[in-house]
Amino acid sequence: MTPIRLLPAVLWMIGALLSFSTMAVAIRELSRVLGILEILALRSGLGLVVLCAIALARPKLRQSIRTRHIWLHLMRNGVHFAAQVAWATSLTLLPLATVFSLEFTMPAWTALMAAMFLHERLTQSRIGAVILGFIGVLVIIRPGLQTFQPAALLTLAAAFGYGITLTATKRLTATDSTFAIVFWMNAMQLPMNLVGSDFASFAKLGAAQIVPIIGLGIAGLSSHYCLSNAFRAGEATVVVPIDFLRIPLIALVGWWLYAEPLDVYVFAGAALIVSGILWNLRAETRKPAPLPAATA
């Protein structure tokens, strides 16, 4: 890619990196007065308000909300709801860099899920990414040692759930629009969060929580919007390596705001996980493109 064509992808990825970091900090700050379900209810509610406003302004988007696979949406969002609860809870229990590093095992889980349910082939590079991801996890959580933190299993469970969610999303993209997928995600997960929420806790919100609430609402939508546009603007070989900057960025944020130590084991394990993903990414992009039917 030329520098001129590369610039939009880099700028969109910077927006995604800042959005993910903002959301993590907002969740941790709001957890001082709200439970995880209440925080996620706020996120879904704010997102739904914005999406409905956009749909009212654009009639074509309203029509795209219709779906023939409502049960697949329900399954996807049920799993995504559980994964979000696990991920958000881990943000309050673990250093931010540890959470983000373990979250990058999601591509390995997705590869396994796609092989099982979408009948995609497990290539040598995909298997290598799974193995390196597993070794990286062991380096980060160090089971059996005094430094092992059981809460790390929550992050792994969240990454596994996200892997299932991505597999279902890939299935849905064949028939449903991106707007419909995001709309049903917020519409279905809002009541899921409200069912277990303590409505009295919302009365604890004060002026100190205004900025985190705004950050949560904006970052909840802008993170996925920026990431999607980054993939549209640039190739995966450009976008994915930039996404890995989330780990050192959130480590610096955790060190700056919460005095979290910069753990060398977290960075070593993250390097192994990232290496596996880059290996698979390189192998996938070097595959020859399929010939058109007429040529074949």
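In this structure, the side chains of L166 and M106 come closer than 4.5 Å at one or more pairs of heavy atoms. Residues Q189 and R43 have side chains not in contact (no heavy-atom distance under 4.5 Å, counting atoms from C-beta outward). Residues T98 and T155 are not in side-chain contact: their nearest non-hydrogen atoms beyond the backbone lie 4.5 Å or more apart. You'll find the side chain of I164 reaches within 4.5 Å of the side chain of F160, heavy atoms only. Inter-residue side-chain proximity for C52 and F183 is flagged as met; some heavy-atom pair is nearer than 4.5 Å. In this structure, the side chains of D198 and E38 come closer than 4.5 Å at one or more pairs of heavy atoms. Proximity of H69 to T175: side-chain heavy atoms (C-beta onward) are separated by under 4.5 Å at one or more points. At a threshold of 4.5 Å between non-hydrogen side-chain atoms, the residues Q149 and P95 count as touching.
Linking Ile, Leu, Val, Met, Phe, Trp and Tyr residues whenever their side-chain heavy atoms come within less than 4.5 Å places M188 and W71 in a single cluster. Cluster annotation: L74 and M185 are assigned to the same hydrophobic cluster (Ile/Leu/Val/Met/Phe/Trp/Tyr, side-chain heavy-atom contacts under 4.5 Å, transitive). In the hydrophobic cluster analysis, where Ile, Leu, Val, Met, Phe, Trp and Tyr join through side-chain heavy atoms closer than 4.5 angstrom, I218 is grouped apart from L46. Cluster annotation: M75 and W109 are assigned to the same hydrophobic cluster (Ile/Leu/Val/Met/Phe/Trp/Tyr, side-chain heavy-atom contacts under 4.5 Å, transitive). Put simply, L30 and I214 are part of two different groups of oily side chains (I, L, V, M, F, W, Y) that touch within less than 4.5 Å, one to the next.
Annotation for I127 and L122: closest pair CD1-O, 3.9 Å, computed over non-hydrogen atoms. Nearest heavy-atom pair, N280 versus A129, reported as atom, atom and distance to 0.1 Å: CB-CB, 4.1 Å. Of all heavy-atom pairs spanning H73 and A180, the tightest one is CE1-O, 4.3 Å. Considering every non-hydrogen atom in both F100 and F20, the closest pair reads CZ-O, 3.8 Å. Between S275 and L132, the closest heavy-atom pair is C-CD1, 4.2 Å. The nearest pair of heavy atoms linking E29 to P212 is CB-CG, 4.0 Å.
Checking side-chain atoms of N186 against main-chain N and O of V182 turns up a donor-acceptor pair under 3.5 Å. A donor-acceptor contact shorter than 3.5 Å is absent between the side chain of S201 and the backbone of S197. A donor-acceptor pair under 3.5 Å is formed between the side chain of Q209 and the backbone N or O of G206. The backbone N or O of R121 sits less than 3.5 Å from a side-chain atom of R126, completing a donor-acceptor pair. Listed for the T105 side chain is a donor-acceptor partner under 3.5 Å among the backbone atoms of L102.
With sequence neighbours excluded, the residues satisfying ring pair (Phe, Tyr, Trp, His ring centres under 6.0 Å) with H80 are Y162.
When each of T22, L42, L91 is paired with I27, the side chain to side chain contact (heavy atoms under 4.5 Å, CB included) condition holds for L91 and for no other.
How far CE of M13 is from OG of S19: 10.0 Å, rounded to the nearest 0.5 Å. Atom OG1 of T89 is separated from atom CG of L154 by 6.0 Å, given to the nearest 0.5 angstrom. For the atom pair CZ of F179 and CD of Q63, the computed distance is 12.0 Å after rounding to the nearest 0.5 Å. The CG atom of L34 sits 4.5 Å away from the CG atom of L205 when rounded to the nearest 0.5 Å. Separating the CG atom in L172 from the OG1 atom in T67 is a distance of 6.5 Å, to the nearest 0.5 Å. Note that OG1 of T165 is 8.0 Å distant from CG of N77, once rounded to the nearest 0.5 Å.
Residue Y258 places its OH atom among more than 12 non-hydrogen atoms of other residues, nucleotides or ligands, all under 6.0 Å distant. Heavy atoms from other residues, nucleotides or ligands lying under 6.0 Å from CZ of R62 number more than 12.
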Which pairs of donor and acceptor atoms, one on a side chain in residues 246-257, lie under 3.5 Å apart (sequence neighbours left out)?
from	atom 1	to	atom 2	distance (Å)
R246	NE	D243	OD1	2.9
R246	NH2	D243	OD1	3.3
R246	NH2	D243	OD2	3.1

Side-chain donor-acceptor contacts of residues 260-273 below 3.5 Å, not counting sequence neighbours, with atom names and distances?
from	atom 1	to	atom 2	distance (Å)
E260	OE1	L96	N	3.0
E260	OE2	R28	NH1	2.5
E260	OE2	R28	NH2	3.2
D263	OD1	Y265	N	2.9

Q: Would you check, one step at a time, whether the test side chain to side chain contact (heavy atoms under 4.5 Å, CB included) holds for W184 with I65?
A: CA-CA 8 Å; W184 286 114; I65 294 174; 3.8 Å; yes

(Q) Test side chain to side chain contact (heavy atoms under 4.5 Å, CB included) on M23 and S223; report intermediate values, then the result. (A) CA-CA 9 Å; M23 186 161 53; S223 55; 4.2 Å; yes

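Using bins of under 30°, 30° to 60° and over 60° for the plane-to-plane angle, the ring pair F199/F202 lands in the tilted bin. Between Y225 and W12, the ring-plane angle classifies as perpendicular under the 30° and 60° cut-offs.
Using a 3.5 Å distance cut-off with no hydrogens or angles, the side chains of T92 and S31 do not pair a donor with an acceptor.
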